[in-house]
Structures are given as C-alpha cells and as structure tokens.
Amino acid sequence: MKAYVPADAAARACGADAVVAALQAEAARRGVTLTLVRNGSRGMVWLEPLVEVETAEGRIGFGPMTAVEVAQVFDGGPLALGRVDDLPWMKAQTRLTFARCGVIDPLSVADYRALGGFAGLRRALQMTVEERLVEVTDSGLRGRGGAGFPTGIKWRTVAGAKADRKYIVCNADEGDSGTFADRMIMEGDPLSLIEGMTIAGVTVGATKGFVYLRSEYPDAIAVMTRAVQVARGAGMLGASVLGSGQAFDIEIRVGAGAYVCGEETSLLNSLEGKRGVVRAKPPLPALEGFMGKPTVVNNVISLATIPVIFERGAAAYAAHGIGRSRGTIPLQIAGNVARGGLFEAAFGMSLREIVDDLAGGTATGRPVKAVQVGGPLGAYFPREKFDVPFGYEEYAGQGGLIGHAGIVVFDDTADMLAQARFAFEFCAVESCGKCTPCRIGAVRGVETVDRIARGDADAIPLLTDLCDTMKAGSLCALGGFTPYPVMSALTHFPGDFARAKEAAE
Amino acid sequence: MTDSSVLSGRVGDILADHRGVEGALLPVLHAVQAEFGHVPQDVVPVLAEGLGLTRAEVHGVISFYHDFREAPAGRHVLRLCRAEACQAMGADRLAEVAQERLGLDWHETSADGAVTLEPVFCLGLCACAPAAQVDGRLVGRLDEARLNALLAEVRA
Ligand SMILES: Cc1cc2nc3c(=O)[nH]c(=O)nc-3n(C[C@H](O)[C@H](O)[C@H](O)COP(=O)(O)O)c2cc1C
Ligand code: SF4
Ligand code: FES
C-alpha cells in the first residue's frame, strides 16, 4: 500500500506524526507492506491530517485522521472522503502556483520533473534576457508580498543596473496573521521556489540568492535547507545552471522574530547583520540593495509562480484574473471558519463566496461579524462590503488592501474596539523605532482606545487625528497602515466604540 | 556554568564556522543561542572583535530582535500565538488561562526554572487556530483541554 501523510507544519500540529506511527503499526499488524510518502498539504487544513491512499482510481482521502482511527484507512469508514481530486475544494481551484503542492514528495526530483518541474527554467534558458523580461511583464504578475508592484518592472531595473555583483532575495518572512501560503509552498514544493529564484538570477545577472525565512517556521527552514542541496544535486543550482554556463546558488537565512523585517529594506539590513531598521527609499533596493548592490527582493509566492509562467506562457497566466490583477492568488482562509485553508483562484472572487461558500461560515456556527483581509495592517470588512471583488485596486478603493491575501474571519462575539487596540499594540511592539508617529503614535493609540473603552467619547476624534498623523508621517506601512484596521473598525462598527460612561470605574 | 575561556573557545569555533559569510552576525547569534540557550553578555566583546564591529553594534542587534535572549529561558518554552486568526478562535482566553495557571506574565520564567511563557505573533497555523509551540513542537486546534495537557507537560 502506498500512502501519503503530510509533513506540512499544520498537519503535524494537528497530529500527523502520531498518525504516521499508528499507520505503520497497523500495517505491520495486518502484514501489509506500507510505502509512506510525507507530502505537503493540499491546503484543506480542516481535513488535516489528511491521509491519502493510492489506488487504481486515484488517490483516496481519509481525514481529519487521528491515531486511533487509522484502521479506516484499510477498512473504510466515516472518515473516507473519496477521490481527493474530486473534492469540491480541489475541483473549484485554479492551481497554478500550487499545482504540485500536496501531490508530490517535496524533495523528490523525479516527482517534481514528472509534474512540470524544470520546464519553466529550460524554456527561460532558451530565451534572451529581453524575452524573459517581456515574459514576466506580460504575465501581469505583481508582487504577492503585499505592495503589488509589477515584478517585470522590478526585474528590468535590476537587469539594467551595472554592478560587479547582484542578488536575488526571497522574502520568506511571512509575518501577517492569517497567512501561510509561503510556508505551505516551501514545505510542499520547495523546488518551485528555487526554480523561480534561479530564473530570476539568470535573468537579471545575479549569481547569489538568499531566502530570508522567519524563525517561526522551523519545518520550512528544514525542508528548504534540504531542497537547496537537492537542487544542487539536480544541477539546478551551482556553477552552471542546467549546463547553461551561468552560475546561481542559494543560501537560507533565518530571521529573528521581528515583524518589520518583512519590509524589504529592513530585511536587507537584517540580512547584512544589522538591526532591522527600515531604510528610506530612494535608493531602491533594485539599485542599491544587499550590501549596496542591485537586488531583486520578491515574495515567496511571486517567485514560486515564475516557473509556471514560463512553463505555460505569459498569456496563459494573464488570461486569469480581473482588471490589473492578473493570474491567480492563493487565498488563505483562517480564523473562525468551518473550513480553513489555502484556495488558489483567479483574482475576482467576492468575500461572500469565500467566507460563506468556501469556508462554510464560522467554526462556532455564529454569524460572521467582520473579516480582516491582508494581515495586521489590513482593514476589517463588514458584511455590507462582502461583494468587493478580490483585486489590488478593488480593495484599495474600499480603504483596504489584499496584502498577502490572508483572510481572517471573526464571529459576532468579536469586540472591534479590542481589535483596534490590538492593532496599535502590535505596531508598538514591532515598530523599528525610526519614526515618531509610528513609535510613539502606536503607544498613544493604545491609551486613546483605552479612554474610549472607559466611556470617554471625546477621545474618538483624537483617535482619528492620530491615525491621520501616522498615515502622513510614517516611513513604511507598519506605521502608515496601522490606521487601516483601526479606522475600519471604528467606521464600520461604531457601536463597539460607544461604551457606557459607568464602565469608567 | 561556562567559564570565560571555554566560552570564548566555543564562540571562536562558531566564528570560524561563519568565516566568509556575508553579514554574518545573525547566523552567528543564532548559533551562539543554540549553543548556550541564550546570548551571554560575555560573548559581546568576542563577537565584536571577531566580526570587526563595535560592542554597541552587537548589543544593538541583540536587543533589536525578539528571538535573542540575554538570560537563559526555562527548561521548556511555551509560546502562545496572540495574533488575529488565533484571537478569532479564543486565543486571548487561553492565554489568560495559561498565565493564571502558571502564575506568569508574558516573557516570565517560573521560579523553579521549568517554563518560560512567551507570546508569538503567528506560527502560520492560522487555519487550525489557536496555535502554540512547546519547545520545537507545534500544536494546533488548541482548546482548554489540550492547553491543560501542555501545561502539565511543561511544569513536570
Ligand atoms: C511592515 C511590513 C512587513 C512586510 N512583510 C512582508 C513579508 O512578510 N513578506 C513579503 O513578501 N513582503 C512583506 N512586505 C512587503 C515588502 O516590503 C516588499 O514589498 C516585498 O517583499 C516585495 O516583494 P513582491 O514584489 O514580490 O511582493 C512587508 C512590508 C511592510 C511595510
Ligand atoms: S513606520 Fe514604524 S516600522 Fe516603519 S520605518 Fe517608521 S518607525 Fe519603522
Ligand atoms: S495567527 Fe496564530 S498561527 Fe497565525
């Protein structure tokens, strides 16, 4: 019997290792020879640990599996889900970036190659640098780290810069609450990220890449470290990438628990061994980045999407999406939901479809009150705004942002004043300290929200002023966007800010 | 206890391992913390000299990052996620329970040295929230029963 049990961190956090041990014991007891693959996650986190068994009809799923129920994997039972590829969550997706994630053994070059791996890099190597830059630009790919900057333009700037050394830096700091796409792909299909970084390297003329990976992701660090060795063994990294004569290699660097280090210039300082203080721009990292050299800084998903763009062509990728948001986006559905996980879809879905249909409403069964989109700097959306299509401009037009596409659902017990307070508290803890409106403003914000909580309505205009000051006077989005969650909470849920005076004592 | 010559010897090995690494301070500090469980004050001058930095620069980096400890942690470190997706699933309540049962506030270590309680802002387990980490192990779908089991484990 050939079975798959994810080694994805979420699956392991829900007991996958115990399931593996139980499965092996049960197989031994029955005298069944078991071939076990530790795959990544398919993204259906509510079904983790999801055990899959290979059959003539395809892979049959069982989940959420527990150590005491593994007999069902052999005998069938209520946890049997049928063919995994036929599950509605799988069928409704457009899996481009995540096509292999959860399907293959993450460190198997043969598996990777069998499902399209290396094809993008091979095609890229047959093209001129100019053709490659046009391909990335034409795909419409925009940075998936949050800012949505066109990847092709960034690459062109670095390609055109004259320097003795250039770098590719992969931003794997993924600090936003509600996001785990970077983690999932690094654990489930790490070679796709390496292939994307390699295409970036040979295109812009960089020979060295770094993956700056947050320390909160021990499993991803382990898988990526091994994947780099595997990629060297397969000739994808090294002195001559796939025999092209061009060199490229990658080093994994571990962060040290600072949210602000996800901001690209802070990240570069951190990578240089310094305090992760944000740098003023200009100079752009594309011209003066790591060690002052031209540097591409891209998010994990931006880079991991590059291979499929080259494999299938820019037009095929750009055919998906809406407006200026082309291609697919891995939605990460989290928080208080019946079905949480990763769902890759073309841009354009509404929160109504995402929250009510895909996620199946809340886990608690209570009504949805608010959805925070785009991490701790993203706005809280009330139900009235659930029809906004998922896209960069569409969200910006609503005073929000899609960020790294994390979607965190809250039920009606959520206290939006407490959420506003937390936004300030988080900003205060994580501020790099460079600008006063952020460093001091965040602390003032906590105090001001506390005044409102004590029934002091006069503090509400102060809160609004403070948010304006932070927006105008902050160097980066940590201080500049903290007003989004705060002001959206205040604007859409004013009732939560109208506290009775007597609560003061 | 490590005496200072042993300490500088080990730190010397770590520095030698990182020769040629660009911007080596963070990897070096991670290695120091892996070796000693924290970054002892005494290593600051050794690192400064080895890496051609001032003591103030090294100290500035250590204090900037949440990960680096200037004092040893407890035998176990319990980290509870405090970020939004976990909040939406009742993380605040669980944190109160943990703080009360352990008699600890965030960043404190129990008097018997058994456990340090720390906040963490997202472990990437937001779709199986609330989440926690006990030493190296990740735990999802935390509820009061699971938390109590973890508390018993770390206090033992
Ligand atoms: C406070 C702050 C935190 C950020 N965190 C991340 C992060 O964790 N991952 C990421 O890719 N981008 C993050 N960004 C965005 C980066 O600065 C940068 O735009 C991105 O890495 C560029 O890559 P992309 O164009 O591929 O998105 C953050 C920005 C700010 C202001
Ligand atoms: S806004 Fe805050 S985090 Fe950003 S540069 Fe200013 S002080 Fe640093
Ligand atoms: S918010 Fe707690 S694990 Fe992400």
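Numbered from 1 within each chain, the chains take letters A, B, ... in sequence-line order. Note that the coordinates shown come from a computational prediction; the quantities given were computed from them, not determined experimentally.
- When heavy atoms are compared at a cutoff of 4.5 Å, A:Cys432 approaches chain B by way of both its backbone and its side chain.
- Proximity to chain B is absent for every atom of A:Thr364, based on heavy atoms less than 4.5 angstrom apart.
- For A:Val260, the part lying under 4.5 angstrom from a heavy atom of chain B is the side chain only.
- The backbone N or O of B:Gly124 lies less than 3.5 Å from a partner atom in the side chain of A:Arg183, making a donor-acceptor pair.
- For chain B, no part of A:Gln332 is nearby; none of its heavy atoms comes within less than 4.5 Å.
- Between the side chain of B:Tyr65 and the main chain of A:Gly276, a donor-acceptor pair closer than 3.5 Å is present.
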Q: Assess whether ring-ring contact (aromatic ring centres under 6.0 Å, His included) is satisfied between B:Phe121 and A:Phe426, documenting all intermediate values.
A: CA-CA 9 Å; B:Phe121 295 99; A:Phe426 183 74; 5.2 Å; yes
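- If you measure heavy-atom distances from A:Pro376 to chain B, the contacts under 4.5 Å come from both the backbone and the side chain.
- Under the 3.5 Å distance criterion, the side-chain polar atoms of B:His30 are matched with a main-chain donor or acceptor of A:Gly255.
- Contacts between A:Ala258 and chain B at a heavy-atom distance below 4.5 Å involve backbone atoms as well as side-chain atoms.
- Contact of A:Met291 with chain B is made through the side chain alone, with heavy-atom distances under 4.5 Å.
- In this structure, no portion of A:Arg339 lies under 4.5 Å from any heavy atom of chain B.
- Only the side chain of A:Phe290 comes within contact range of chain B, with at least one heavy atom under 4.5 Å from a heavy atom of that chain.
- Using a 4.5 Å cut-off between heavy atoms, A:Asp411 does not touch chain B at all.
- Using a 4.5 Å cut-off between heavy atoms, A:Glu174 makes no contact with chain B at all.
- With a 4.5 angstrom heavy-atom cutoff, A:Glu187 does not touch chain B via any of its atoms.
- Of the atoms belonging to A:Val408, it is side-chain heavy atoms, and not backbone ones, that fall under 4.5 Å from chain B.
- By the neighbour-count criterion of 12 heavy atoms within 6.0 Å, atom CD of B:Glu49 is sparsely surrounded, having that number or fewer from other residues, nucleotides or ligands.
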